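Since the structure comes first, as structure tokens, the remarks are kept for the end.
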Amino acid sequence: MEIKVAKSAGFCFGVQRAVDALLNKKDDENISTLGPIIHNEAVVELLKTKGVDIINVPSDAKEGTKIAIRTHGVCEKTYEEIKKNGEFIDLTCPFVKKIHNIVNEHYKKGYKIIIAGDKGHPEVDGINGWCENSADIIISEKELENKHYDKVCLVAQTTLDSETYKKIKKFLKKSCQNVLIFDTICSATEKRQKEADSLSKISDAMIVIGGKHSANTTRLTSICAKSCANTYQIENFEEIPQILYAPTNNIIGITAGASTPPWIIKEVIGTMEEMIKDGNEISFAEALEAHEKAQALVALKTGDIVKGTVMRVENNGVSVNLGYKSDGFIPAGEVIDDPNADISSIINVGDEIEVFVVRVNDVEGEVTLSKRKIDAIKSEKVLEEACENGTVLEGTVVEVVSGGLVVSAQGGRVFVPASLASDRRMADLSNMKGEKVSFIIKEITKKRGRNKVIGSIRAVMEQQKRALSEAFWAEVEVGKVYNGTVKSLTKFGAFVDIGGVDGLVHISELSWAKIKHPSEVVKEGDVVEVKVLELNKETGKISLGYKKTEDNPWEKAKAELEVGKDIACKVVRIVPFGAFAEIYPGVDGLIHISQVANKRIGKVEDELTIGQHITARVVDLDLENNKIGLSIRAILAENEPEEVKEEAVEETTEEVTAETTEEVTAETTEEVVETAETTEE
């Protein structure tokens, strides 16, 4: 006769963690569990001897007593009651806690929650409480027949058998269009079920060890019974059936539920060893030794690289189950290189991660871990290959230091000198902290046993600009419109980046109105629409236009003005030969000195002031040359005798069209010269 023990039989890490936390409590610490910690009478009785009792509701807890939430978890309402009660220990299985979060989140989003599991089981009741007990709880796909859902969120009890869940998932996918399915069966449970199924197929008899009220143990029994008719579920060695020792039973398989402690498994195997014939003792002894090895705690030492399961994620760090006598802890600063990163967005409860053992304190049972060191080790090779191949990498600026930036990328740290941080000189780099940047590795040197990695952001920016420039010059043409970004301003115009190439918008092309500086119209960083006016591919120079034809105020003047029309305007400039009045923004008319009053005057300032609002008559209109002649005198003359009116009109026409031509032309010439000088600049 041969005995075979499933490797995964017995405590899962969630149960082991909960039981260890209670067994290792301080002697003067009073703890009460809200319901039995797990479904195993032997464990519950053992904990009672350690001073851990059981209460049914939070209000039953005595003053000064901590409440321990059992592995099955509790509903949201009960959780809040426990928090109000005072100190508590949350021993909810991490996989169950994950289901609580999923259900609560999607219930708030309007999903109908369906829980595949046993009605009345404490784990299922706890899950249901996170959606206000509104879930449909099913154990078979047949229960979904004749039901219709708009949108569904499906989760499973962690100990549900995978075959049942597959059937439920398949049915829902066919019957409901909007369905979210989460595979929440515990990975350890699934592994235990698969091992039990395989073992039962080669065994003449199967023993499943576990509590009668344990759902996962009952499912193991059901799975084994499908392939092995001689399957027996027992709680301890006293329930071993005598029929096991029939001569036809050459192979006996043993497995155990997640809530079955290792000492009960050992007792069962030891009892069978005593009852079997001498010739078969060696088989049972070997089986016991193999099982003990499978269940043994791992040994840890500083410098080890090990894998573990994430148990808790908090602001100050992450707790990891390594199979050691206590959980390891990764301080927040050792999780990731970026100090601003949200740990919970990177690592989740239940994740399997690789960590570096920084320190082991056997006396206090403390294990300090680092994920950063693992990332750094892995990053060395990646960064070396990137340096050789010129690969463009992405990272986050985590520090601004003297002389440059520190970028976190690929689990390592890269120094970018200030001269290589941008394609233009930057006096202050502080605003780059937290930015995502692209860079290449320029150099890697060994310094004091560590790699010093030098990167360049500028090189990537220059590469990108070259590529953009080539693409731009291949398709650019006069008249084409671009959206660009104002890069810099000078007194003669604004330089605009239109896709890797900078073009100049001359000050005269920024506004139809006369301006003294480009900052009156645009500022650095503005996104503007510009048109290509001129280009020279040989010199790389581009002239751009910003003002639009439809905004030209002279177009409005053409449409609205005519000789003889009286218009309201404002005096904006006074010159020796007259005054200029603004008709529209950007359109001025000249009131010759002879047309300011109905009398001869020596100075225009005696009659008009800058900013004065007046009414003048259009007496000359040369829109081709953008010239308008205005007269106040013509309006005043209407109230005078007829002969004076005729004289005024004749003088107006002659003087505006002839006498002032020389003076206006002189001023216009000055403006042309000024514009030419600016253009040359």
Side-chain angles (χ1 to χ4, degrees), residues 302-303 305 313-318 329-347 353-359 368-466 485 487-488 497 524-525:
T302 300
I305 295 175
V313 179
E314 298 169 343
N315 290 334
N316 64 332
V318 177
F329 185 72
I330 313 174
E334 290 297 322
V335 175
I336 190 169
D337 198 37
D338 184 356
N340 300 315
D342 178 10
I343 298 175
S344 61
S345 67
I346 302 163
I347 297 178
I353 60 173
E354 196 171 31
V355 291
F356 182 90
V357 180
V358 177
R359 185 171 66 90
T368 305
L369 307 172
S370 173
K371 183 177 177 295
R372 271 182 57 186
K373 288 186 182 294
I374 291 292
D375 294 340
I377 292 169
K378 291 179 179 178
S379 75
E380 284 188 11
K381 186 176 180 181
V382 175
L383 295 177
E384 285 173 1
E385 290 178 354
C387 184
E388 291 176 9
N389 302 328
T391 307
V392 176
L393 302 174
E394 288 189 350
T396 303
V397 178
V398 292
E399 283 185 71
V400 178
V401 296
S402 176
L405 308 170
V406 177
V407 178
S408 173
Q410 303 293 327
R413 294 168 77 87
V414 179
F415 176 68
V416 179
S419 60
L420 301 179
S422 177
D423 61 343
R424 56 193 178 92
R425 183 177 176 81
M426 294 179 66
D428 184 12
L429 299 175
S430 60
N431 62 343
M432 291 188 69
K433 187 172 181 179
E435 278 191 13
K436 300 283 185 184
V437 294
S438 298
F439 62 95
I440 61 170
I441 305 298
K442 297 284 288 183
E443 181 185 353
I444 299 178
T445 57
K446 284 280 185 183
K447 189 174 183 180
R448 296 176 184 174
R450 296 180 62 184
N451 282 347
K452 184 178 180 181
V453 186
I454 307 296
S456 173
I457 298 171
R458 188 179 77 184
V460 175
M461 296 176 76
E462 289 174 346
Q463 286 177 10
Q464 293 171 343
K465 285 192 74 171
R466 281 195 295 271
T485 303
K487 298 299 289 293
S488 62
D497 180 353
E524 288 186 16

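The chain is numbered in sequence order, starting from 1. The structure presented is a predicted model; accordingly, all values stated were derived computationally and were not measured.
- Summarising the geometry, atom CG belonging to Asn389 is positioned 11.5 Å from atom CD1 belonging to Ile440; distances are rounded to the nearest 0.5 Å.
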(message) Between Val407 and Val398, does the side chain to side chain contact (heavy atoms under 4.5 Å, CB included) criterion hold? Intermediate values first, please.
(response) CA-CA 6 Å; Val407 178; Val398 292; over 6 Å; no
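- In this structure, CD on Glu443 lies 8.0 Å from SG on Cys387, to the nearest 0.5 angstrom.
- Remark: side-chain polar atoms of Arg458 are paired, donor with acceptor, to backbone N or O of Ser419 under 3.5 angstrom.
- Within the structure, salt bridge (Lys or Arg N to Asp or Glu O under 4.0 Å) pairs that include any residue of residues 400-409 do not occur (at least two apart or interchain).
- Listed by chain and residue number, nothing satisfies the side-chain hydrogen bond (donor to acceptor under 3.5 Å, both in side chains) test with Ser402 (two or more places apart in sequence, or in another chain).
- Listed by chain and residue number, nothing satisfies the side-chain hydrogen bond (donor to acceptor under 3.5 Å, both in side chains) test with Lys373 (two or more places apart in sequence, or in another chain).
- Nearest heavy atoms, Gly395 versus Ala409: CA-CB, 3.9 Å.
- Here the shortest heavy-atom pairing between Ala421 and Leu405 reads CB-CD1, 3.9 Å.
- Remark: Val401 pairs with Glu399, Val406, Phe415 by the side-chain contact (heavy atoms from CB on, under 4.5 Å) rule, at least two apart or across chains.
- Looking at residues two or more places apart in sequence or on another chain, you find a side-chain contact (heavy atoms from CB on, under 4.5 Å) between Asn316 and Glu314, Phe329.
- The side-chain heavy atoms of Val453 and Arg413, taken from C-beta on, include no pair separated by under 4.5 Å.
- Within 6.0 Å of the CD atom in Glu394, the count of heavy atoms belonging to other residues, nucleotides or ligands does not exceed 12.
- Between Ile441 and Val414, the closest side-chain pair of non-hydrogen atoms falls below 4.5 Å.
- Among residues two or more places apart in sequence or in another chain, the side-chain contact (heavy atoms from CB on, under 4.5 Å) test is passed with Ile346 by Ile336, Ala341.
- The shortest distance between side-chain heavy atoms of Ile343 and Val318 falls below 4.5 Å.
- Here the side chains of Leu369 and Val357 are in contact, with some heavy-atom distance below 4.5 Å.
- With values rounded to the nearest 0.5 angstrom, Gln463 atom CD is found 12.0 Å from Met461 atom CE.
- Take Lys442 and apply the salt bridge (charged side-chain N to carboxylate O under 4.0 Å, His left out) test, not counting sequence neighbours, and it matches no residue.
- Nearest approach of Leu429 to Ala418, heavy atoms of both residues: CD1-CB, 3.8 Å.
- Residues Asp375 and Val335 come closest through the heavy atom pair OD2-O, 4.1 Å.
- Closest approach of Ile454 and Pro417 over heavy atoms only: CG2-CD, 3.9 Å.
- The side-chain contact (heavy atoms from CB on, under 4.5 Å) test applied to Asn431 returns Met426, not counting sequence neighbours.
- Between Val400 and Asp428, every side-chain heavy-atom pair lies at or beyond the 4.5 Å cut-off.
- Judged purely by distance below 3.5 Å, without hydrogens or angles, the side chains of Thr445 and Lys452 never pair a donor atom with an acceptor atom.
- Remark: Glu354 pairs with Lys378 by the side-chain hydrogen bond (donor to acceptor under 3.5 Å, both in side chains) rule, at least two apart or across chains.
- Residues Ser488 and Glu524 are in side-chain contact: their nearest non-hydrogen atoms beyond the backbone lie under 4.5 Å apart.
- For Ser370, the side-chain hydrogen bond (donor to acceptor under 3.5 Å, both in side chains) partners are Glu334, not counting sequence neighbours.
- Residues satisfying the salt bridge (charged side-chain N to carboxylate O under 4.0 Å, His left out) test with Glu435, not counting sequence neighbours, are none.
- The residue from Thr302, Ile330, Thr368 that alone fulfils the side chain to side chain contact (heavy atoms under 4.5 Å, CB included) condition with Val358 is Thr368.
- Of all heavy-atom pairs spanning Leu393 and Ala386, the tightest one is CD1-CB, 3.8 Å.
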